[in-house]
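This one's a predicted model, so the numbers in the text were calculated from it and none came from an experiment. Here is the naming used below: chain letters follow the sequence lines, and residue numbers restart at 1 for every chain.
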Number of protein chains: 2
Amino acid sequence: MGLDLSPLELQLVRRTPLFSGLSPEALSDLMAGAAVQNAPAGNCLFTQGEPAEAIFVVLNGWIKLYRITTGGTEAVIEIFTRGQSFAEAAAFAGATYPVSCEAVTEARLLRISARHLFDRIRRSPDIGLTMLASTSKQLRLFVRQIEALKAQTGAQRIAEFLLELAHCETGSCTVELPYDKALIAARLGMKPESLSRAFNRLKDHGVEVKQRQAEIASVEALRDFAERERADIMKAHGADD
Amino acid sequence: MGLDLSPLELQLVRRTPLFSGLSPEALSDLMAGAAVQNAPAGNCLFTQGEPAEAIFVVLNGWIKLYRITTGGTEAVIEIFTRGQSFAEAAAFAGATYPVSCEAVTEARLLRISARHLFDRIRRSPDIGLTMLASTSKQLRLFVRQIEALKAQTGAQRIAEFLLELAHCETGSCTVELPYDKALIAARLGMKPESLSRAFNRLKDHGVEVKQRQAEIASVEALRDFAERERADIMKAHGADD
DNA sequence: GCACAGTCTTGAGTTTGGTCAAGGCTCGCC
DNA sequence: GGCGAGCCTTGACCAAACTCAAGACTGTGC
């Protein structure tokens with residue numbers, strides 16, 4: 001079919017957690033209900049409350065999911081990039097998106113019809129199982145986010161955020177900050193000013209931030225800081241490091 | 001089979017969102033892999049990191065899901081009661097529970113083997129679809145929780161919590177508080193002391209708390225307060241009603 | 001180089017929520 | 001009734017984070 005996917009992009013799709021377990025036939029079967037969608041920066045893909053008619057895979061660029069309270073406050077729920085799928089759960093629930101979605105940067109997406117997907121699952125249960133695994137993973141991430149918001153300070157949340165981006169398990173390591181600070185702040189549930197101050201606090205724990213990069217002196221030490229309970233921090237402020 | 005379920009309980013199970021869409025055959029098929037489990041208050045059902053070998057339906061009592069940081073802080077993620085299922089998502093993900101679970105009160109549960117469930121889904125995809133819908137609903141709840149933690153004050157979170165418990169859409173209404181204040185506080189991400197103070201703040205918005213009951217004078221007014229953005233609250237404090 | 005816009009940081013003052021400690025309230029038990 | 005245990009509330013104090021506002025830094029265009 002006239003799917004405008006480069007071979008590289010096709011491979012990207014095949015590797016997403018959502019599809020990685022599927023046979024080539026099942027995959028191309030699913031692709032029959034798919035279309036490529038290009039979105040300029042700031043473009044809105046869907047709005048909370050809208051019927052969930054599709055799931056998406058990011059081919060390029062950055063996408064944010066957020067909620068707007070009636071008052072107008074925006075809470076960024078999640079941010080996705082190349083190779084990640086989203087809205088798969090929404091497509092099944094009460095049939096409306098629980099969040100709004102917009103492109104942060106210029107973006108390229110694969111859009112798969114929910115109805116089509118639904119049909120395929122009925123035919124081959126394995127697709128359903130893969131999707132269950134995928135939404136479960138999403139759920140797990142949310143659990144961690146809720147925990148972080150409840151039990152950690154801002155600085156600790158950043159530490160954890162950096163650790164997720166760092167590939168190395170031990171020693172020192174440099175992390176590229178993926179999007180701008182205002183967005184990172186929103187994702188972590190704070191204001192840009194607080195993020196700035198929290199980064200400063202991390203300097204005492206071996207994190208150097210310059211431009212769009214963060215240098216972690218010791219991954220172990222940072223992990224230690226991220227996981228330390230509040231009480232310890234309080235006690236430590238008299239005799240720090 | 002020797003499933004020790006009363007007819008009432010069986011009906012309860014049939015009505016859970018997780019199973020409500022299933023045919024009687026599919027349901028009794030699933031029940032073949034189920035067992036009833038009784039847990040005294042404080043009993044631990046599973047621990048985070050443990051392989052997720054079962055999903056649960058609460059027949060009676062209160063169950064809490066929580067996470068313990070390495071430091072020892074506890075973050076309550078969710079609380080379930082009669083007629084609700086949980087851990088369905090965990091049973092599929094990376095095969096370990098992302099949270100710990102314990103009975104808050106004495107509790108009675110239906111425990112369904114994950115492996116068994118897995119088999120059934122392969123045979124009848126509809127079970128998979130129901131489960132997808134169910135985990136999606138869970139995901140949606142988490143999204144709202146994340147939003148609440150990021151964008152609302154403690155008082156607003158309680159207001160929303162009360163509104164969820166209130167069945168009436170408008171006018172005045174009395175809500176029974178389901179579990180003790182310490183647990184409510186944990187669920188909402190704050191300390192009991194803060195909960196107490198936040199309840200006081202709600203008095204200005206027509207909420208009267210006595211014993212285990214909360215009286216809401218006007219559901220609309222409360223909703224208005226819950227959804228008001230922070231900025232408005234600040235401005236209002238000089239000229240409060 | 002200089003002005004400008006955008007982004008990020010800093011500073012001062014305020015609010016929220018956590019901590020610790022003390023005091024009420026309720027309920028069961030003797 | 002009196003006592004004590006548990007739970008909830010209050011008060012004083014403090015730290016974290018938000019707001020508003022100003023300043024620094026970066027990169028662009030002239």
Side-chain angles (χ1 to χ4, degrees), chain A residues 41-42 71-75 104-105 148-159 177-186 188-204 207-214 225 228-238 240, chain B residues 41-42 69 71-75 104-105 148-159 177-204 207-214 225 228-238 240:
Chain A
T73 316
E74 174 182 311
V104 178
T105 63
L149 287 168
K150 279 182 177 168
Q152 295 184 306
T153 66
Q156 285 178 303
R157 294 204 293 275
I158 297 174
L177 298 180
Y179 23 86
D180 71 10
K181 301 237 170 135
L183 193 54
I184 295 177
L188 295 173
M190 56 182 125
K191 300 284 139 178
E193 295 97 315
S194 301
L195 181 77
S196 185
R197 286 184 245 265
F199 262 129
N200 273 331
R201 220 165 301 165
L202 286 188
K203 279 189 186 138
D204 301 341
V207 176
E208 204 61 48
V209 184
K210 39 178 86 154
Q211 293 290 103
R212 279 291 187 81
Q213 294 199 329
F225 168 72
R228 185 153 48 195
E229 71 176 315
R230 277 173 195 247
D232 288 347
I233 301 164
M234 313 262 135
K235 275 175 228 148
H237 86 277
D240 46 4
Chain B
T69 64
T73 317
E74 174 183 309
V104 178
T105 64
L149 287 168
K150 280 182 176 170
Q152 295 183 306
T153 66
Q156 286 178 302
R157 296 203 293 273
I158 298 175
L177 298 180
Y179 25 86
D180 72 8
K181 301 237 172 134
L183 193 54
I184 296 177
R187 168 54 238 279
L188 296 173
M190 58 183 122
K191 299 285 140 178
E193 295 96 318
S194 299
L195 181 77
S196 185
R197 286 184 247 266
F199 263 128
N200 274 331
R201 217 163 302 167
L202 286 189
K203 278 190 185 133
D204 302 341
V207 176
E208 205 62 46
V209 185
K210 37 178 88 154
Q211 294 290 99
R212 277 295 187 80
Q213 295 198 328
F225 168 71
R228 187 153 48 195
E229 71 175 313
R230 276 173 196 245
D232 288 346
I233 302 163
M234 311 264 135
K235 273 176 229 148
H237 87 275
D240 47 3

Between [atom2] on [N] and [atom1] on [X], what's the gap in Å once rounded to a whole number?
X: B:L149; N: C:dG17; atom1: CG; atom2: P; answer: 11 Å
X: A:L177; N: C:dT7; atom1: CG; atom2: P; answer: 16 Å
X: A:Q156; N: C:dG18; atom1: CD; atom2: C1'; answer: 14 Å
X: B:L195; N: C:dT19; atom1: CG; atom2: C1'; answer: 16 Å
X: B:L188; N: C:dG18; atom1: CG; atom2: C1'; answer: 16 Å
X: B:I158; N: D:dT9; atom1: CD1; atom2: C1'; answer: 13 Å
X: B:M190; N: D:dA17; atom1: CE; atom2: P; answer: 17 Å
X: B:Y179; N: D:dC7; atom1: OH; atom2: P; answer: 17 Å

Worksheet item: Is the base of C:dT16 touched by the side chain of B:R157 through a donor-acceptor pair closer than 3.5 angstrom?
Response: no
Discussion item. When you measure only distances, ignoring hydrogens and angles, does the side chain of B:E193 come within 3.5 Å of the base of C:dC20 through a donor and an acceptor?
Written reply: yes
Item to complete: Report the nucleotide, chosen from C:dT9, C:dG18, D:dC18, that has the shortest atom-to-atom distance to any side-chain atom of A:K191.
Response: D:dC18
Fill in: Test log, rule side chain to side chain contact (heavy atoms under 4.5 Å, CB included), inputs A:M190 and A:I158
CA-CA 10 Å; A:M190 56 182 125; A:I158 297 174; 3.8 Å; yes
Worksheet item: Between A:V209 and A:K203, is any pair of side-chain heavy atoms under 4.5 Å apart?
Response: no
Discussion item. If you define the side chain from C-beta out and look only at heavy atoms, does anything of A:F225 sit under 4.5 Å from A:L202?
Written reply: yes
With a 4.0 Å cutoff (strictly under), does any side-chain N or O of [X] reach OP1 or OP2 of [N]?
X: A:N200; N: C:dT10; result: yes
X: B:K181; N: D:dT9; result: yes
X: A:T153; N: D:dA16; result: no
X: A:S194; N: D:dA17; result: no

Practice prompt. State whether the side chain of A:K150 and the backbone N or O of B:L188 hold a donor-acceptor pair below 3.5 Å, judged by distance alone.
Written response: no
Discussion item. Please find the pair of heavy atoms, one from A:A151 and one from B:A75, that lie closest to each other, and give the distance.
Written reply: CB-CB, 4.3 Å
Item to complete: For B:R201, report the nucleic acid contact type (base, sugar-phosphate, nothing); a contact means any heavy atom under 4.0 Å.
Response: sugar-phosphate
Worksheet, complete the sentence: Of B:R197 and B:A182, the one whose closest nucleotide on DNA chain D sits nearer the 5' end is B:A182
